[in-house]
Trainee: 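Encoded as structure tokens, here's the structure I'll be asking about.
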Amino acid sequence: MGNTDTAWTSAAPGSASSGAEAARTLLERLRGCADNRWLLLLAGPVCAAALVIALLQQRPDTTLADAADGLGTATARLGWTVADGAEDETQRELALLRQRLATLRGAAASGGLVLHELDLLESRLAGLGPRAGRAELRAVADLAERVTAQARQEMLQRQARLGLWLQLLSATLALTLLLPAHGLWRQRRRMRRALREFSDTLARGAESPPADTAEAGVSARRWRALADLSADWYWESDEQMRLSWSSGSSPLTTQLGWTLDELIGRRRDELPAFEPPALGWDWLNERMARRQPFRDVELRARSRRGDHALWIALSGRPRHDAEGRFTGYEGVGRDITERKLGYERQRENEQRWALMVDLASDWYWETDAAHRLQPVGRAVYRSAVDYLEPGDGRTRWELHTATPPELWERHRADLDTRRPFRSFEFPTEARDGGTRWVSLSGIARFDGQGRFLGYRGVGRDITVRKQAEAVLRRDNEALQQAVAERTRELQQINRDLDAFSRQLAHELRTPIGHVEGIAQLLSHRAAARLDKADRELLAMQEQAARTMRETLDALMLLARSTVQAMPMDSVDLSALAQDAATGLPALERRAPLHWEIEPGLRVHGCAPALRIVLANLLGNAAKFTRRVEAPTVRVAAAPDADGRLRVTVEDNGAGFDPALADRLFVPFNRLHAGEDYAGTGVGLSIVQRIVERHGGTVAAHGAPGRGARFEFTLAAAAD
């Protein structure tokens, strides 16, 4: 409503009629600003206020409230008198009640209040005789109480309605006052703006050359639009270089909080907003003293509170009047904060990049679309083995001619398909005639339209690594050769030991067999001629020969468990345990043995060797449970923390002293007497050797009379 933000149509500054035209324009704008519609809108609040006053006059009179309270009091006193039964007192109270009733009627009539039972109460009071009974008096008292209650109810309802109307009218009054107040505030702003622009026009009119009135008006409008809409702002100074005028778009006033009064009339070096330029104030003042123009002088401007700063670029030139006399400087200013900060960030990035290039062992490279190497800075050449001589303008395969062509063919296949590559290694010839190894990684680069621009990436000198790999490879070959030779020696030693053990076993088994056979033959042939002591000697000789043969067999088995081949495969350990338990020799027992073998146990190992392990462990469990009332042997397994399978063979037999558990796996070490539990003492040693060759471990746990538990670990079978 009342929008008067129109452009100036005054003459150009400096014309003869510029003051009059500016005055006429000012009057037109002031008349446009004086919008009467806002004054007309003030009639709304006036009407609302009149209604509020009228409603306030309709408030219930306190006389009606007092009359209602008086009637209620008289009614209560009449009720007390009827209860006491005093006739004289009753008549006095009836008279008081008639008086209060008349007062209430008068107050209700003046207040416009209609009480329907008031007439009935008056007729009842008029019909009472001097000897009225108690029931009649009680009925009159009850009726009077109803009239009193009705009067009070009507008063409360009227007050509630009046309060609601007052609230609505108050809200309407506030809204109708707010809208005109806002309009008048905007009108005042436009008037102030018009006066300020009029003052600026008059100030510039004294120094501008005369021009045609119409053209001057257009020029002034264009100049004003340019000044308001441009990102730059305009300033002028007098002959003493003091700031005399500045357009309103200066960030000193719009962003940094300075006022024109604090800026006008001071030189640049006197303004508290500016810090000295890079070349100092003397350089700028000397240049302006010689009447020389300047361009893009960068200044840092602080805010008035000192918590913010901007970068400003100033350009200016001398200004002369129509007679050629120097009148000061005029120029423009520009906010270059973002450009300056961007330049600072870019310089920091470049410094960081240069530092990284100087310190890093890698270097950066770029190629064009034809894979020709591009300049990337001399700092790169200092560390780049790839550029033994600056190869700008040549492809890498043209630069490194000593590299085998087949390597470049594979590399160029990646480049032709625009694939990224990583750790492409190639040898090249160094300036000193030696061979250097280079590793390159790169990725294709494209422009915004998806056109291929070339590759960029990093390079690394890996000569030291290649030399170390060569040394390591030679050492590994020598080590492998030494290991192979040592392995052949050990294999030969094992074969010799195996042949020796077989030969020794054969040589020992024959005389042991002869001794055992002769003892048996003598016991059969000469048993009748020998006494009891001689027969016992022959039995001892026969048992000793049998023990020697069993020990020899156990030693042979222990030797084979160390050197025999062990082909690995997936093994059903539950089935092996069941077969081993079934194949055990029968023993004299107190009670039948109960086997608990967990089904579905599968491991990765050698089936024949694991059969020997289970046969020894289950044989021991069966042997040491012969004298138990309810012998039980349990075979189970569970995954270990490292993913291996921990197999448990547990019994409830004789057990052993846990302090002597380590002696169980030493050959020929026995924890029980031979006459109680026969055996060679080599079985658990064989178990340990086989399990360790599977990469597992064996452990024994037990207690005397409470059974034993043997645990060994194996690799679980692959799914």
Trainee: Is there a donor-acceptor pair under 3.5 Å between the side chain of Asp640 and the backbone N or O of Asp642?
Mentor: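 Pair absent, no side-chain N/O of Asp640 close to backbone of Asp642.
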Trainee: Would you call Glu406 and Arg410 a salt bridge, taking side-chain N to carboxylate O under 4.0 Å as the test?
Mentor: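 No salt bridge links Glu406 with Arg410.
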Trainee: Looking at Arg347 and Glu344, is there a salt bridge between them, counting it only when a charged N and a carboxylate O are closer than 4.0 Å?
Mentor: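 Yes, this pair counts.
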Trainee: Verify the neighbour count for atom CZ of Arg295: are there more than 12 heavy atoms of other residues, nucleotides or ligands below 6.0 Å?
Mentor: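 For Arg295, atom CZ is not crowded (no more than 12 foreign heavy atoms under 6.0 Å).
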Trainee: Could you go step by step and tell me if Ser303 and Arg305 meet the side-chain hydrogen bond (donor to acceptor under 3.5 Å, both in side chains) rule?
Mentor: CA-CA 5 Å; Ser303 65; Arg305 294 184 298 178; 5.8 Å; no
Trainee: Without swapping roles, check the side chain of Thr435 against the backbone of Glu429 for a donor-acceptor pair under 3.5 Å.
Mentor: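 No, because the side chain of Thr435 does not come within donor-acceptor range (under 3.5 Å) of the backbone of Glu429.
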Trainee: Hey, is the main chain of Glu236 close enough, under 3.5 Å, to the side chain of Ser244 for a donor-acceptor pair?
Mentor: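 Such a contact is found between Ser244 side chain and Glu236 backbone.
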Trainee: So among Phe421, Trp408, Trp437, which one has a ring-ring contact (aromatic ring centres under 6.0 Å, His included) with Phe426?
Mentor: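 Testing Phe426 for a ring-ring contact (aromatic ring centres under 6.0 Å, His included) against Phe421, Trp408, Trp437 leaves exactly one candidate, Trp408.
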Trainee: Would you say that Leu314 contacts Arg268 through its side chain, given a criterion of any heavy-atom pair below 4.5 Å between the two side chains?
Mentor: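 The answer is yes; the side chains approach within 4.5 Å.
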Trainee: Can a donor-acceptor pair be found, under 3.5 Å and without considering hydrogens, that links the side chain of Asp321 to the backbone of Arg325?
Mentor: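 Yes, the answer is positive, given that a donor and an acceptor are paired below the 3.5 Å cut-off.
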Trainee: Which pair of non-hydrogen atoms, one from Leu310 and one from Pro251, has the smallest distance, and what is that distance?
Mentor: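 Scanning both residues, the minimum pair turns out to be CD1-CB, 3.8 Å.
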Trainee: Looking at Asp447 and Arg451, is any side-chain nitrogen of the basic one under 4.0 Å from a carboxylate oxygen of the acidic one?
Mentor: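 Looking at Arg451 and Asp447, the cut-off is met.
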Trainee: Which heavy atom of Arg266 sits nearest a heavy atom of Glu270, and at what distance?
Mentor: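 The pair with the smallest heavy-atom distance is CA-OE1, 3.8 Å.
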Trainee: How about Ile312 and Leu252: do any of their side-chain heavy atoms sit closer than 4.5 Å?
Mentor: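 Answer yes - side chains close enough.
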Trainee: Under the side-chain contact (heavy atoms from CB on, under 4.5 Å) rule, what do Glu330 and Tyr234 come out as? Steps first, then yes or no, please.
Mentor: CA-CA 8 Å; Glu330 62 183 1; Tyr234 300 86; over 6 Å; no
Trainee: Can any side-chain N or O of Arg319 pair as donor or acceptor with the backbone N or O of Tyr329 at less than 3.5 Å?
Mentor: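 Flag set: sc Arg319 to bb Tyr329 pair under 3.5 Å.
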Trainee: Mind telling me whether His371 and Tyr455 have parallel, tilted or perpendicular rings, with 30° and 60° as the class edges?
Mentor: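 Answer is tilted, since the angle falls between 30° and 60°.
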Trainee: Any donor-acceptor pair under 3.5 Å linking the side chain of Trp365 with the backbone of Val458?
Mentor: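 Here the side-chain-to-backbone pair exists.
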Trainee: Does Ser439 use its side chain to pair, donor to acceptor, with the backbone of Glu425 at less than 3.5 Å?
Mentor: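 No; zero donor-acceptor contacts below 3.5 Å.
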Trainee: Restricting to non-hydrogen atoms, name the atom on Arg302 and the atom on Trp258 that form the minimum distance, rounded to 0.1 Å.
Mentor: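 Here Arg302 and Trp258 meet closest at O-NE1, 2.8 Å.
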Trainee: Under 3.5 Å, is there a donor-acceptor pair between the side chain of Arg460 and the main chain of Ser441?
Mentor: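 Such a contact is absent between Arg460 side chain and Ser441 backbone.
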Trainee: Please examine the side chains of Arg242 and Arg267, heavy atoms only from C-beta on, and report whether any two atoms are closer than 4.5 Å.
Mentor: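 Yes, side chains in contact.
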Trainee: Can you tell me if CD on Glu338 sees more than 12 non-hydrogen neighbours from other groups inside 6.0 Å?
Mentor: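 12 or below, so no.
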Trainee: Does any non-hydrogen side-chain atom of Thr403 lie less than 4.5 Å from one of Pro427?
Mentor: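 Yes, close enough: below the 4.5 Å cut-off.
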